[in-house]
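Read the structure below first, then the notes.
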Number of protein chains: 2
Amino acid sequence: MYIYTACFGSFVFNEHFKLKEKILFSKDEILKNFELIEQGKQTEAEKMLSVKYKVEKIDTQHAKFHAVLEFLRDYKKEFFDANLLISKNKIKNSVNEDLLIIQTIDNLAEIKKASNLLSKRLGEWYSYYFPELIEQINDNETFARLVSSKSKEELMKELNIKDSIGSHLEKDHLEPILNLAEQINSLSRLRQEHEKYLESLMNSYCKNLSYLAGYLIGGKLLSQAGSLKRLVLFPSSTIQLLGAEKALFRHMKTGARPPKYGMLMHHPFVQNAKKDEKGKAARALADKISIAVKMDYFKGEFIAPRLKKELEEKFK
Amino acid sequence: MYIYTACFGSFVFNEHFKLKEKILFSKDEILKNFELIEQGKQTEAEKMLSVKYKVEKIDTQHAKFHAVLEFLRDYKKEFFDANLLISKNKIKNSVNEDLLIIQTIDNLAEIKKASNLLSKRLGEWYSYYFPELIEQINDNETFARLVSSKSKEELMKELNIKDSIGSHLEKDHLEPILNLAEQINSLSRLRQEHEKYLESLMNSYCKNLSYLAGYLIGGKLLSQAGSLKRLVLFPSSTIQLLGAEKALFRHMKTGARPPKYGMLMHHPFVQNAKKDEKGKAARALADKISIAVKMDYFKGEFIAPRLKKELEEKFK
């Protein structure tokens, strides 16, 4: 006698593949049993039937599997429903930290883009009123904050600007400009909130990476790789150059000088290195990051502080 | 004897171009006098000196003007200061309705761009949680409003969605998404405020155009032309095609079919015309707009309702 377990039930057949006994799964059992089947374990139903009959197990590799397939044709609907349930459940559980981190990283880039777009307009528009301010304030967020929180007179006094060639604008004309500035402030606040969220995500999901690379650079590395798992598979030389793909391919194509670092360029450890040691610093940092992500992926200890210390000592 | 008035003062010379008497202007007088000079009128100082002496006026066209120039060399600083003052004043007064309308039109386009950017992200991110919603709601602003104001359960009930394959997200993971939606709401509100501002600008500056074309399309026409003055100089056939430059040049270059309308395409009058009469409707509308902007520029009466009525009767 043979036993076969499909996603929707277990079946015992005699030698001629006539059905001897069947146990169909309930909705709840389908998901639970499917997990067991995927892991290659016996389901409860199989255990029960194996105790009752002397059975040989049939799976998709078995020579007589075609007979099972023939039999299953009568169970199209059950098969379809169970598959749908399993697929839906898989989708439901597909959202993981990797995806959330990547969304947050991409979103931060877009918030910045939107903020820059509106800031450029604010600079041009507000300069009808007070063109001297933009000459002194380079940072978009600071500019918007000053514009929306202080009057022209206050700003002139604070920044020691004696005279302005800006036009006088009535309240009606000034208000839309100030509203635009307030919107940019609001985008700044959103950016800060999302950075905090990213930080907490990174610290719980890959603490070592986050500590060593910083949550922003760490998140970008993960996002570039596609997942923590893929990042773990990268050699440290790849990590060193992540984000410098353009320069790398230019190097390979035209023989231009190869890039020394990608995303890691913005890391304080590389930024603070001496000019002729930046490449070396990036390589050493990538080495340690490569260790850190492995610790994170395999749920190892929190060793990042030690790694950081080693780095710092090496480059003292 | 000769008299010459520069931007910083009036001077009377004898036959040998020795200075007889001078009146230098104060700061306030410089601006006032400069306006009179530009309009070809006599300044107070000139009048006074003309009464006192029997003088011939010298201007830049006069045969003996070189002698004046020679003399003015001693007044470099006064000349420079007065010019600076006049230039600053000109800049100060250069902000006019044209510029404010153009800024507002451009700004509205950018707010839309920023909102679309963030909305695309919101759609993707929120769909981890409730992918069925974006299939039912096409409009970005509506989507963000629903997401931020109602729970998944409420939305499922309202839209009659029985089951969701979305993942369960904890409050910590949901919050950043809702904050993003709130930001998009805030951008919608800003857009509304700025549209109201544009409407009031258009209605006070070019009431006829605004009434006939609508404040948004009217504003875009003005922005495309660069100013109301330039729009007045355009023939109505140009107004008809404003915004269709690409298609027009393609027509001229490759002989493709010429465009029938540009920005006016979005006008309800053209939209509601029969398919084979759209071009005709756009031409008639452009004719009337061409009249409307002339009335606006030359501060004429409010005749737009009559123009509109004529149009409607023609196409009944």
Side-chain angles (χ1 to χ4, degrees), chain A residues 84 87-97 99-100 102-104 106-111 113-118 120-122 124-129 131 163-169 172-173 175-177 179-180 182-184 186-187 189-191 193-198 200-201 204, chain B residues 84 87-97 99-100 102-104 106-111 113-118 120-122 124-129 131 163-169 172-173 175-177 179-180 182-184 186-187 189-191 193-198 200-201 204:
Chain A
L84 194 65
S87 298
K88 276 189 180 175
N89 190 57
K90 276 204 169 176
I91 293 173
K92 226 179 183 127
N93 294 324
S94 68
V95 175
N96 52 27
E97 278 89 348
L99 284 179
L100 293 174
I102 292 171
Q103 286 289 346
T104 313
D106 290 351
N107 179 52
L108 280 169
E110 280 155 5
I111 290 176
K113 208 168 157 187
S115 172
N116 284 344
L117 195 69
L118 300 184
K120 223 174 136 191
R121 172 66 44 204
L122 177 68
E124 197 177 313
W125 204 352
Y126 187 74
S127 289
Y128 288 164
Y129 178 60
D163 195 18
S164 169
I165 56 167
S167 299
H168 173 72
L169 287 183
D172 288 356
H173 296 299
E175 215 177 60
I177 305 177
N179 287 342
L180 180 59
E182 188 43 60
Q183 187 74 44
I184 295 166
S186 164
L187 277 165
R189 286 192 296 270
L190 184 67
R191 179 184 62 71
E193 278 165 21
H194 281 191
E195 281 187 1
K196 251 188 222 155
Y197 172 60
L198 177 67
S200 78
L201 268 178
S204 74
Chain B
L84 194 65
S87 298
K88 276 190 180 174
N89 190 57
K90 275 203 170 174
I91 293 172
K92 224 177 184 132
N93 294 324
S94 69
V95 175
N96 51 27
E97 278 90 347
L99 285 179
L100 292 174
I102 292 171
Q103 286 288 347
T104 313
D106 290 351
N107 179 53
L108 280 169
E110 280 155 6
I111 290 176
K113 209 169 156 186
S115 171
N116 284 344
L117 195 69
L118 300 183
K120 224 174 136 189
R121 174 66 42 202
L122 178 68
E124 197 178 312
W125 204 353
Y126 186 75
S127 290
Y128 289 164
Y129 178 60
D163 195 18
S164 168
I165 57 167
S167 299
H168 174 70
L169 287 183
D172 287 355
H173 297 298
E175 216 178 60
I177 305 178
N179 287 342
L180 180 59
E182 187 44 59
Q183 188 73 47
I184 296 166
S186 163
L187 277 165
R189 286 192 295 271
L190 185 67
R191 178 183 63 71
E193 278 165 22
H194 281 190
E195 280 187 1
K196 250 187 223 154
Y197 171 61
L198 178 67
S200 78
L201 267 178
S204 75

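Just so you know, these numbers use all the heavy atoms, side chains as well, and skip hydrogens, waters and symmetry mates. All of these numbers come straight from a predicted model, not from anything done at the bench. Every chain is numbered from 1, with letters handed out A, B, ... down the list of sequences.
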B:L99 CG to A:H173 NE2 distance, which is reported to the nearest 0.5 Å: 12.0 Å
In terms of heavy-atom pairs under 4.5 Å with chain B, which of A:N107, A:L169, A:N179, A:L118 leads? A:N107
Out of curiosity, B:Q183 CD to A:I111 CD1, how far, rounded to the nearest 0.5 Å? 7.0 Å
A:Y197 versus B:D172, closest heavy-atom pair with distance: CE1-O, 3.4 Å
Pair count under 4.5 Å, heavy atoms only, with chain B: among A:K88, A:Q103, A:K90, highest is A:Q103
Heavy-atom cut-off 4.5 Å, strictly under: side chain, backbone, both or neither for B:L117 against chain A? both
Distance col, row A:D106:CG vs B:K120:NZ, nearest 0.5 angstrom, shows 11.0 Å
Between A:T104 and chain B, with a heavy-atom cut-off of 4.5 Å, which part of the residue counts as in contact: side chain, backbone, both or neither? both
How far does NE2 of B:H194 sit from CG of A:L180, to the nearest 0.5 angstrom? 5.5 Å
Can you say whether A:I91 sits under 4.5 Å from chain B via the side chain, the backbone, both, or neither, judging by heavy atoms? both
Nearest 0.5 Å please: distance from the CD atom of B:E110 over to the CG atom of A:L122. 11.0 Å
Atom pair CD1 (A:I165) and CG (B:N89), whose distance is rounded to the nearest 0.5 Å: 11.0 Å
What part of A:E182 gets within 4.5 angstrom of chain B, counting heavy atoms only: side chain, backbone, both, or neither? neither
Does any backbone or side-chain atom of A:L201 lie under 4.5 Å from a heavy atom of chain B? Answer side chain, backbone, both or neither. side chain
Given the options A:S87, A:A114, A:S167, which has more heavy-atom pairs under 4.5 Å with chain B than any of the others? A:S167
Contact class of A:L187 relative to chain B, heavy atoms under 4.5 angstrom: both
B:Y128 and A:L100: side-chain contact (heavy atoms from CB on, under 4.5 Å), yes or no, with the steps? CA-CA 9 Å; B:Y128 289 164; A:L100 293 174; 4.1 Å; yes
